[in-house]
Amino acid sequence: MESRMDEIKSTLRNTIKEILYPLTAIIVSFIVGGILVYAFGNNPFAAYKALFLGALGDLNKLGETLVTTTTLILTGLSVAFAYRCGLFNIGAEGQYIMGSVAAVWVGWAFQGLPSILHVTITLLAGALAGGIWAGIVGWLKAKVGSHEVINSIMMNYIAMNLSNYLIMTALNEPGKAFSYEVAPTAKLWRFAESFEQFKYSRLHIGIIIAIIIAFIAYYLLNKTITGYEIRAVGFNPSASEYGGINVKRNIVLAMVISGLFSGLAGGIQTAGVQYRVNNLFGLTGYGFDGISVALVANNNPIGVLLSAFLFGVLQKGGPMMQIEGIPKEVVGIIQGIILLFVASNFVRITVQRYKENKEIKSYMKKEEVK
Amino acid sequence: MSAVIEMKGIGKSFPGVRANDNINLTVNEGEIHVLLGENGAGKTTLMNILYGLYTPDEGEIYVKGKKVRISNPNVAISLGIGMVHQHFMLVPPFTVAENIVLGLEPKKGLSLDMEKAIADVEELSKKYELKVDPGAKIQDISVGMQQRVEILKTLYRGAEILILDEPTAVLTPQEIEELGVILKSLVSQGKSIILITHKLKEVMSMSDRVTIIRRGKVIDTLKTSETTMEELAEKMVGRKVSLNVEKAEAKVGNPVLQVKGLRALDHRGIEAVKGIDLEVRSGEILGIAGVDGNGQNELVQAITGLNKVESGEVILNGKNITNLTPKEITDSGVGYIPEDRHKRGLVLNFSLYENSILGSQRNKKFKKGMGLDYRKIREYSRRLIKEFDVRTPNERVNARSLSGGNQQKLIIARELDREPSLLIASQPTRGLDVGAIEFVHQRLIEQRDKGKAVLLVSLELDEIMDLSDRIAVMYDGKIVGIVNARETNEFELGIMMAGGKSEEKH
Ligand SMILES: Nc1ncnc2c1ncn2[C@@H]1O[C@H](COP(=O)(O)OP(=O)(O)OP(=O)(O)O)[C@@H](O)[C@H]1O
Ligand SMILES: [Mg+2]
């Protein structure tokens with residue numbers, strides 16, 4: 001029992017440690033953003049009020065924000081996980097697309113299955129498709145050493161065009177620029193089915209799945225042998241090799257797991273929100289947003305939950321600021337500032353200096369007492 | 001004799017450590033002043049302060065009697081202070097001349113005046129008797145040469161006071177001698193030198209005065225001519241240190257490792273191990289002597305599975321382990337202390353407890369359900385830290401924050417605790433202080449006395465001669481001879497290391 005408490009404590013301590021700086025960066029960014037809004041001749045308080053009311057004003061709005069958050073959690077986890085193995089998965093986008101196509105196919109092609117089974121295989125198909133898509137990139141890196149960034153960018157475009165091709169042929173809803181709809185048995189449970197308060201939102205069970213996945217990812221990364229080996233490879237491949245870790249295998253494995261998350265994001269979006277896949281004219285952007293989410297979360301899976309929620313709020317609430325006469329680009333600016341602060345480690349360095357001084361003082365005191 | 005550098009009451013802290021505590025250091029003009037101290041004593045920190053890389057928490061610095069504030073290395077350079085770090089900071093694809101003038105390039109119009117650069121470098125090199133080839137690329141020259149380039153670089157920037165942080169740790173005995181000559185010549189031309197080294201022999205032969213630092217405090221400053229190695233060792237560690245290795249008669253048993261006709265390539269694909277036959281028996285230490293780069297590393301890596309065996313066999317306890325994976329080889333009972341602790345031995349961004357199981361992460365005893373039992377792992381690492389006296393605030397800090405010697409102790413602790421039947425120790429004491437060296441040597445002999453086989457690779461001839469029961473000398477990828485450690489001497493080994501045959505004697 002005690003050890004369980006210990007575990008929880010250490011998880012919390014780790015998470016807080018890792019997200020403390022980004023959190024401060026966010027607060028600072030909002031202040032700087034507010035000053036900017038003010039400089040443009042608008043009232044920053046009104047702007048932020050509009051932003052938050054727009055995103056969180058009532059349960060339906062919150063619901064919609066959480067719908068976006070769900071996707072961002074999963075693509076964020078995807079990028080964060082790969083990063084821990086020293087890999088930059090810029091291909092979350094393509095894996096997401098493959099996930100949605102696979103899900104729409106399984107969701108549509110099978111009819112008359114019990115819902116629980118159908119939903120499960122639909123989501124699994126999505127995850128698997130993403131996993132394979134990312135696995136190809138990982139395999140190329142491990143086998144011939146070609147860089148994952150270049151390959152995953154190419155794979156993004158292959159995914160988009162493959163998806164469009166399938167949607168206009170095998171999966172095409174005749175005469176339309178989108179796919180068939182998935183069977184009712186493949187659709188995820190929506191909150192609106194049981195809760196009147198969420199009637200105007202599409203909030204579905206996916207948010208809970210995403211949260212669970214985040215904890216699984218955390219556990220996998222920080223508490224298991226696989227996670228240990230993946231992180232070791234991420235920090236120091238030579239030492240990992242010396243430690244008997246198969247570096248190539250872990251690169252492929254980390255990419256596959258990363259792809260599972262993005263693929264699942266696509267599957268959940270299909271089975272929970274859109275029920276179809278549209279003919280795409282460009283990339284969806286969910287995968288790229290995953291990069292920002294992971295960066296702000298400092299690649300900590302639990303941090304991703306919070307960071308994804310923040311980006312969800314910004315994305316859903318942003319347009320509401322326009323009502324206050326504030327250009328919605330301000331939201332873009334705030335997002336940009338957050339990333340800038342986080343990326344430049346500005347807050348981290350400042351705080352670290354302060355903390356070091358404090359720690360030393362307390363250490364010195366202890367020494368004196370001795 | 002006037003003071004060129006005076007550091008007064010210098011203090012500097014890092015989280016959990018007082019690296020420098022009220023340090024006073026005076027360096028006189030034209031002297032070689034050694035800073036001596038245990039690993040983690042605070043020598044590098046003090047020199048980084050003098051060179052403007054760290055700002056001290058308290059204290060004052062005077063250069064030639066004038067109080068200064070050295071806020072960054074540019075200030076240090078303009079005050080005539082130059083520093084050569086242990087890890088060189090050269091641009092490998094650039095030539096010697098390009099590296100030396102980097103940042104202060106002589107210009108002709110807008111372009112680099114290469115002719116003048118080369119002429120400058122040649123003049124400098126003649127003046128201080130530091131022979132270099134200005135046109136050679138850094139990546140093609142030896143470590144000793146690279147070090148000369150680093151020294152010339154500081155001289156080119158007008159350094160009057162040179163700081164050298166463990167310059168000899170990476171040099172061959174030959175190169176160390178040459179460095180000694182260079183330093184003497186620099187001093188005779190009015191330069192002052194601060195030298196950090198752990199090797200007491202060098203302190204005695206190279207320096208004028210020694211300042212001893214222990215746990216961040218100055219213990220004493222002595223004239224070299226008025227002290228002895230034993231006194232220095234004792235002052236530095238705070239207890240009597242035995243500088244001689246004492247060991248009982250070897251009780252040699254069956255062969256543990258047998259290497260037969262082994263061939264292996266280096267990272268460029270050139271054959272570096274050219275058919276080696278070797279046997280290490282239980283209860284003995286076999287030392288491999290040789291000048292750096294004669295295939296020792298490739299041999300070790302082929303045995304441990306980090307490098308492919310092209311042909312030949314590696315047999316451990318009668319079992320063929322040729323070309324198995326590093327994990328399989330570790331599991332069959334090979335422990336390995338790697339030559340490069342930062343590259344191979346540790347994941348610097350992992351905590352000490354995570355590092356303490358590197359290589360054993362799949363061992364059942366650290367497993368709990370599906371995951372790793374981190375509570376047990378932390379306990380385990382605390383035990384290693386205690387048994388091997390790793391100096392650290394706790395087991396949760398990253399390996400990066402430990403001083404070099406303590407990082408090495410952690411690796412040794414981890415490898416020995418696995419109870420391997422064959423221990424391969426490659427440069428196990430590189431960069432360690434005498435106290436730590438004594439400790440490591442005792443551990444290696446302990447392994448031998450427990451009936452394990454120990455394969456020791458070292459560039460330090462003294463270490464090889466002190467520890468080994470038999471010595472194999474490697475030259476150009478081959479073993480030129482195996483001699484009994486009792487029946488050989490430095491001279492004979494030296495000849496063999498240069499490729500000459502030993503007179504057969506058994
Ligand atoms: N940047 C840093 N952050 C935290 N701790 C540090 C840092 N640099 C040094 N230390 C700590 O300060 C102490 C002194 O370190 P320093 O590198 O000066 O030792 P040293 O005398 O040069 O040792 P060695 O002989 O092993 O090189 C050590 O305990 C070390 O862990
Ligand atoms: Mg040092």
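First the proteins, then the strands, lettered A, B, ... as listed; each starts at 1.
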Is it the case that atom [atom1] in [X] sees more than 12 heavy atoms from other parts of the structure closer than 6.0 Å?
X	atom1	value
B/Tyr380	OH	yes
B/Lys365	NZ	yes
B/Arg396	CZ	no

I'd like to know if the side chain of [X] and the backbone of [Y] have a donor-acceptor N/O pair within less than 3.5 Å.
X	Y	answer
A/Tyr242	B/Tyr336	yes
A/Tyr228	B/Glu354	yes
A/Asn236	B/His342	yes

Spacing of B/Tyr374 atom OH and A/Asn222 atom CG [to the nearest 0.5 Å]: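 Here the interatomic distance stands at 7.0 Å.
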Point-to-point distance, once rounded to the nearest 0.5 Å, from CD of B/Gln361 to OG1 of A/Thr226: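 Reported to 0.5 Å precision, the distance equals 10.5 Å.
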Per-residue contact mode, B/Leu306 against chain A (heavy atom under 4.5 angstrom):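 For B/Leu306, heavy atoms of backbone and side chain both lie under 4.5 Å from chain A.
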Segment of B/Ile357 engaging chain A (4.5 angstrom heavy-atom cut-off):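 Both parts, heavy atoms under 4.5 Å.
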Choice from B/Lys367, B/Met370, B/Arg362 maximising heavy atom contacts with chain A below 4.5 Å: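 Highest number of pairs under 4.5 Å: B/Arg362.
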Heavy-atom pair with the smallest gap, counting every atom of A/Ala239 and B/Val347: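 In this case the closest contact between A/Ala239 and B/Val347 is CB-CG2, 4.1 Å.
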Residue, of A/Gly227, A/Gly234, A/Gly244, that accumulates the most heavy atom pairs under 4.5 Å with chain B: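 Of A/Gly227, A/Gly234, A/Gly244, A/Gly244 has the most heavy-atom pairs under 4.5 Å with chain B.
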Chain B interface, residue from A/Ser238, A/Pro237, A/Ser240, A/Ala232 that has the most non-hydrogen pairs under 4.5 Å: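 Maximum pair count with chain B is reached by A/Ser238.
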ring-ring contact (aromatic ring centres under 6.0 Å, His included) contacts in which one or both residues fall within residues 407-429 of chain B, not counting sequence neighbours: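 Listed by first then second residue: nothing to list.
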